[in-house]
Amino acid sequence: MKVTILGKDNCGSCISAKQLCEQKQVEYGYQTLGKDYSIVEFYTDVPRSHKSFPAILVGGKYIGGLVELKEILNN
């Protein structure tokens with residue numbers, strides 16, 4: 001399972017998502033808004049209804065945010 005975390009600077013939930021992946025020994029990549037992608041690029045992969053950070057992709061497909069990542073990794 002390859003997880004991509006689309007985050008932003010100073011985001012506690014983004015840090016939690018990275019820590020969860022590390023605890024569960026899940027391979028992940030982290031990308032930062034304004035450095036690795038623009039808001040236009042963000043909405044290429046993420047539905048416009050997603051209004052918070054982080055946005056999580058698994059295998060390149062959007063699954064939601066931190067809550068959904070926890071559900072997947074804790075099952």
Side-chain angles (χ1 to χ4, degrees):
M1 170 186 318
K2 173 70 164 119
V3 174
T4 301
I5 303 168
L6 301 176
K8 65 177 186 170
D9 288 333
N10 303 314
C11 171
S13 294
C14 300
I15 293 166
S16 294
K18 291 190 290 186
Q19 290 172 339
L20 180 61
C21 287
E22 290 168 4
Q23 290 169 355
K24 299 292 184 174
Q25 299 180 345
V26 172
E27 180 183 354
Y28 75 94
Y30 184 82
Q31 298 180 8
T32 304
L33 177 65
K35 294 178 185 172
D36 302 308
Y37 64 94
S38 70
I39 198 67
V40 172
E41 292 168 319
F42 179 80
Y43 285 119
T44 299
D45 294 322
V46 177
R48 288 212 175 262
S49 59
H50 187 95
K51 301 292 184 194
S52 62
F53 285 89
I56 309 294
L57 306 174
V58 175
K61 296 185 183 204
Y62 168 79
I63 62 146
L66 179 58
V67 170
E68 291 79 12
L69 180 63
K70 285 179 180 178
E71 290 173 0
I72 288 172
L73 295 184
N74 287 325
N75 286 330

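Being a predicted model, the structure only gives us computed values, none of them experimental.
Applying the 6.0 Å contact sphere to CD of Gln25 captures no more than 12 heavy atoms from other residues, nucleotides or ligands. Heavy-atom neighbours of Asn74 CG from other residues, nucleotides or ligands within 6.0 Å: above the threshold of 12. Enclosure of atom NZ in Lys35 is not indicated, since only 12 or fewer non-hydrogen atoms of other residues, nucleotides or ligands lie within 6.0 angstrom. Within 6.0 Å of atom NZ in Lys18, more than 12 heavy atoms from other residues, nucleotides or ligands are found, so the atom counts as buried in its surroundings.
When side chains are defined from C-beta on, Leu73 does not count as touching Gln23, because their heavy atoms never get closer than 4.5 Å. Inter-residue side-chain proximity for Leu57 and Val3 is flagged as unmet; no heavy-atom pair is nearer than 4.5 Å. Within the 4.5 Å cutoff, no side-chain heavy atoms of Tyr30 are placed close to those of Pro54. Between Glu41 and Asp36, the closest side-chain pair of non-hydrogen atoms is not below 4.5 Å.
Sequence neighbours left out, the pairs with a member in residues 54-75 that pass ring-ring contact (aromatic ring centres under 6.0 Å, His included) are His50-Tyr62.
In the hydrophobic clustering of ILVMFWY residues, with side-chain heavy atoms under 4.5 Å counting as a link, Val67 and Ile72 come out apart. Residues Ile15 and Phe53 are members of separate hydrophobic clusters, defined by side-chain heavy-atom contacts under 4.5 angstrom among Ile, Leu, Val, Met, Phe, Trp and Tyr. Met1 and Leu66 are assigned to two separate hydrophobic clusters, defined by single-linkage of ILVMFWY side chains at heavy-atom distances under 4.5 Å. No single ILVMFWY cluster, assembled from side-chain heavy atoms under 4.5 Å apart, contains both Leu6 and Tyr28. Both Leu33 and Val46 are assigned to one and the same hydrophobic cluster, defined by single-linkage of ILVMFWY side chains at heavy-atom distances under 4.5 Å.
The minimum heavy-atom distance between Tyr37 and Gly7, with the atom names listed, is OH-O, 2.6 Å.
Note that CD1 of Ile5 is 10.0 Å distant from OG of Ser16, once rounded to the nearest 0.5 Å.
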Which is it for Thr4 and Ile56 under the side-chain contact (heavy atoms from CB on, under 4.5 Å) test, yes or no, and what are the steps along the way? CA-CA 6 Å; Thr4 301; Ile56 309 294; over 6 Å; no
Show, in sequence, the C-alpha distance, side-chain angles and deciding distance for Leu69 and Cys21, and conclude whether the side-chain contact (heavy atoms from CB on, under 4.5 Å) test is met. CA-CA 9 Å; Leu69 180 63; Cys21 287; 4.1 Å; yes
